[in-house]
Undergrad: 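Sharing a structure here in structure tokens format.
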Amino acid sequence: MTDVAGGYVVLDGIRPALSRAPCQIGRGLVGQPVTTIALADEVLRDAARLLQAYEAGQWVPEQAERELAEGLALGQWSGPFLRASLRDIPPTVQSGRLIDVLAPACEILDQADVDEDVVRRLRVLIDVLTPDI
């Protein structure tokens, strides 16, 4: 279940260590309501930054993050699929950077009119992390 704690997305009790992406019903960093559009924009930016960091060698995913990415690469992207994939993840993933992008994305993927740009950006990130799949 996704919840809000202190304005941050919390997924099944997991609060991404560095997440700045409040969910749709949360409050932004300056106390303003955050819309799904703003959340989608944040996920797009965070995914792009993480991809850039990876390609520049500034971020190397932990083995458990790579294994999570491999599972995601094989699935059909939806809120329930992503949420199920993020259940029972190891502590190295919980404290890693990949979760900071994926956990808030659950809210976006749950929407009836899913932002396909977000899905594409996340797929590109996951595809880059899993070139052998």
Side-chain angles (χ1 to χ4, degrees):
M1 166 179 255
T2 305
D3 197 0
V4 178
Y8 293 89
V9 170
V10 177
L11 180 67
D12 293 328
I14 301 167
R15 180 184 178 271
L18 302 174
S19 178
R20 296 176 319 282
C23 79
Q24 178 179 349
I25 59 173
R27 292 277 184 192
L29 295 177
V30 293
Q32 299 300 315
V34 177
T35 65
T36 303
I37 293 170
L39 179 60
D41 289 344
E42 188 71 24
V43 170
L44 283 169
R45 281 191 300 274
D46 286 351
R49 286 182 193 131
L50 191 57
L51 180 58
Q52 286 176 329
Y54 176 76
E55 290 176 335
Q58 298 168 338
W59 172 64
V60 177
E62 297 288 336
Q63 181 60 34
E65 288 178 304
R66 287 189 185 277
E67 291 169 4
L68 172 62
E70 288 172 1
L72 293 173
L74 299 173
Q76 180 178 1
W77 284 64
S78 66
F81 168 72
L82 184 55
R83 193 169 284 105
S85 297
L86 298 181
R87 246 182 230 116
D88 301 321
I89 57 175
T92 54
V93 175
Q94 291 178 21
S95 63
R97 292 182 63 188
L98 185 58
I99 193 72
D100 290 346
V101 175
L102 296 176
C106 291
E107 295 296 322
I108 297 162
L109 296 177
D110 279 337
Q111 302 301 313
D113 55 346
V114 173
D115 187 331
E116 292 299 324
D117 289 338
V118 172
V119 175
R120 275 191 291 281
R121 181 75 51 95
L122 292 172
R123 292 293 316 219
V124 166
L125 174 62
I126 296 302
D127 288 349
V128 169
L129 297 178
T130 58
D132 297 332
I133 292 183

Undergrad: Rounded to the nearest 0.5 Å, how far apart are CZ of F81 and CG of L74?
TA: 7.5 Å
Undergrad: So, taking the atom named CD1 in I99 and the one named CD1 in I89, what distance separates them when rounded to the nearest 0.5 Å?
TA: 3.5 Å
Undergrad: Could you tell me which non-hydrogen atom of A47 sits nearest to which non-hydrogen atom of V101, and how far apart they are?
TA: CB-CG1, 3.8 Å
Undergrad: Do the side chains of L98 and P61 get nearer than 4.5 Å, heavy atoms only?
TA: no
Undergrad: Would a 4.5 Å heavy-atom cut-off, applied to side chains only, mark L82 and C106 as touching?
TA: yes
Undergrad: Does anything in residues 60-73 pair up under side chain to side chain donor-acceptor pair (under 3.5 Å), and if so which pairs, sequence neighbours excluded?
TA: Q63-E67
Undergrad: Do D100 and L50 have side chains that get closer than 4.5 Å, going by heavy atoms?
TA: no
Undergrad: Can you find a heavy atom in the side chain of R83 that is under 4.5 Å from one in the side chain of D110?
TA: yes
Undergrad: Rounded to the nearest 0.5 Å, what separates atom CG in L39 from atom CD in E107?
TA: 7.0 Å
Undergrad: Answer yes or no: is there an ion pair linking D46 with R49, defined by an N-O contact shorter than 4.0 Å?
TA: yes
Undergrad: Would you list the atom pairs, donor with acceptor, under 3.5 Å between side chains in residues 121-133 and any protein atom, with sequence neighbours excluded?
TA:
{"residue": "R121", "atom": "NH1", "partner": "L44", "partner atom": "O", "Å": "3.0"}
{"residue": "R123", "atom": "NH1", "partner": "G75", "partner atom": "O", "Å": "3.4"}
{"residue": "R123", "atom": "NH2", "partner": "A73", "partner atom": "O", "Å": "3.3"}
{"residue": "T130", "atom": "OG1", "partner": "I126", "partner atom": "O", "Å": "2.7"}

Undergrad: By salt bridge (charged side-chain N to carboxylate O under 4.0 Å, His left out), which residues pair with D117, not counting sequence neighbours?
TA: R120
Undergrad: For residues Q58 and R97, report the shortest heavy-atom separation together with the two atoms involved.
TA: O-NH1, 4.5 Å
Undergrad: Work out which heavy atom in G79 is nearest to a heavy atom in L109; give both atom names and the distance.
TA: N-CB, 3.3 Å
Undergrad: If you take all heavy atoms of V118 and V43, which pair is closest and at what distance?
TA: CG1-CG1, 3.9 Å
Undergrad: For V93 and L68, work out which heavy atoms get closest and say how close.
TA: CG1-CD2, 3.8 Å
Undergrad: Could you check if a side-chain atom of W77 sits within less than 4.5 angstrom of a side-chain atom of V114, using non-hydrogen atoms only?
TA: no
Undergrad: Kindly write out the residues that satisfy side chain to side chain donor-acceptor pair (under 3.5 Å) with R45, not counting sequence neighbours, or none if the list is empty.
TA: E42
